[in-house]
Amino acid sequence: MEQTEAKEQNQLQDVKPSYKEFRDVLDEIDSDIQPGTAGNEMNSIKTASHLLNWGVGTSMTTDEVKKETVSWLSDKGNSEQVEFSNKLASVYDAYKKLL
């Protein structure tokens, strides 16, 4: 088991900073956004602003973002993927309000 953890740690070290920052935003969406709860709109606005800030400064292409998102989602089950889709929709609604 230690070899697996060491391998994962090495893979994380090899990840470009923009990829890690993007995964951090995906993690933030997954952990902080709770559609239908009090305070969700404010959390969605905060997270949308983080995503916008990341997007302005990233060098990742659209294809790289898609691939990284699919990779990030691949470890999750179907119900978790559906739940994340709903969370992302909440962030997208906040994003539209920010523009």
Side-chain angles (χ1 to χ4, degrees):
M1 194 179 260
E2 289 179 19
Q3 288 179 333
T4 303
E5 291 174 11
K7 182 179 177 183
E8 288 175 3
Q9 190 69 5
N10 285 339
Q11 287 174 340
L12 287 176
Q13 290 173 351
D14 293 338
V15 174
K16 295 177 185 176
S18 56
Y19 281 64
K20 182 182 179 332
E21 291 167 6
F22 182 60
R23 282 186 172 254
D24 289 345
V25 173
L26 293 175
D27 289 338
E28 180 181 354
I29 293 168
D30 198 36
S31 65
D32 293 358
I33 306 304
Q34 303 299 323
T37 62
N40 185 64
E41 185 172 0
M42 290 304 295
N43 286 338
S44 294
I45 290 169
K46 179 185 79 161
T47 303
S49 69
H50 292 165
L51 187 58
L52 280 168
N53 287 338
W54 170 83
V56 168
T58 189
S59 61
M60 288 176 70
T61 66
T62 302
D63 286 341
E64 289 173 317
V65 170
K66 286 178 185 177
K67 287 178 186 176
E68 193 62 20
T69 303
V70 168
S71 173
W72 184 86
L73 283 169
S74 68
D75 294 337
K76 302 188 179 310
N78 187 54
S79 61
E80 289 175 300
Q81 290 179 10
V82 170
E83 183 180 347
F84 182 78
S85 176
N86 292 330
K87 293 176 179 185
L88 189 57
S90 180
V91 172
Y92 181 68
D93 289 343
Y95 158 80
K96 290 188 292 187
K97 289 178 184 178
L98 289 173
L99 297 180

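- Applying the side-chain hydrogen bond (donor to acceptor under 3.5 Å, both in side chains) test to pairs two or more places apart or on separate chains, those with a residue in residues 49-59 are E28-H50.
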Just distance, no hydrogens or angles: give the donor-acceptor pairs under 3.5 Å from side chains in residues 39-46, sequence neighbours left out.
residue : atom : partner : partner atom : Å
N40     : OD1  : Q34     : N            : 2.8
N40     : ND2  : S90     : OG           : 2.9
E41     : OE2  : K97     : NZ           : 2.8
N43     : ND2  : D32     : O            : 3.4
S44     : OG   : N40     : O            : 2.9
S44     : OG   : S90     : OG           : 2.7

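- Distance CG/L26 to CD/E68: 8.0 Å, rounded to 0.5 Å.
- Every residue two or more places apart in sequence or in another chain that forms a side chain to side chain contact (heavy atoms under 4.5 Å, CB included) with L52 is listed here: Y95, L98.
- Both Y19 and L73 sit in one connected hydrophobic cluster of ILVMFWY residues. Membership requires side-chain heavy atoms under 4.5 Å apart, directly or through other members.
- For E80, the salt bridge (Lys or Arg N to Asp or Glu O under 4.0 Å) criterion is met by no residue, not counting sequence neighbours.
- Partners of S71 according to the side chain to side chain donor-acceptor pair (under 3.5 Å) rule, which considers only residues two or more places apart in sequence or in another chain, are R23.
- Not counting sequence neighbours, the partners of T61 by the side chain to side chain contact (heavy atoms under 4.5 Å, CB included) test are D63, E64.
- Remark: K67 engages no residue in a salt bridge (Lys or Arg N to Asp or Glu O under 4.0 Å) (not counting sequence neighbours).
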**Request:** Just do the side-chain contact (heavy atoms from CB on, under 4.5 Å) check on T69 and V65 with the steps written out, would you?
**Result:** CA-CA 6 Å; T69 303; V65 170; 4.1 Å; yes
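- Residue K66 places its NZ atom among 12 or fewer non-hydrogen atoms of other residues, nucleotides or ligands, all under 6.0 Å distant.
- In this structure, the side chain to side chain contact (heavy atoms under 4.5 Å, CB included) partners of I29, at least two apart in sequence or on a different chain, are V25, I33, T47, F84, K87, L88, V91.
- With sequence neighbours excluded, no residue forms a side chain to side chain donor-acceptor pair (under 3.5 Å) with N86.
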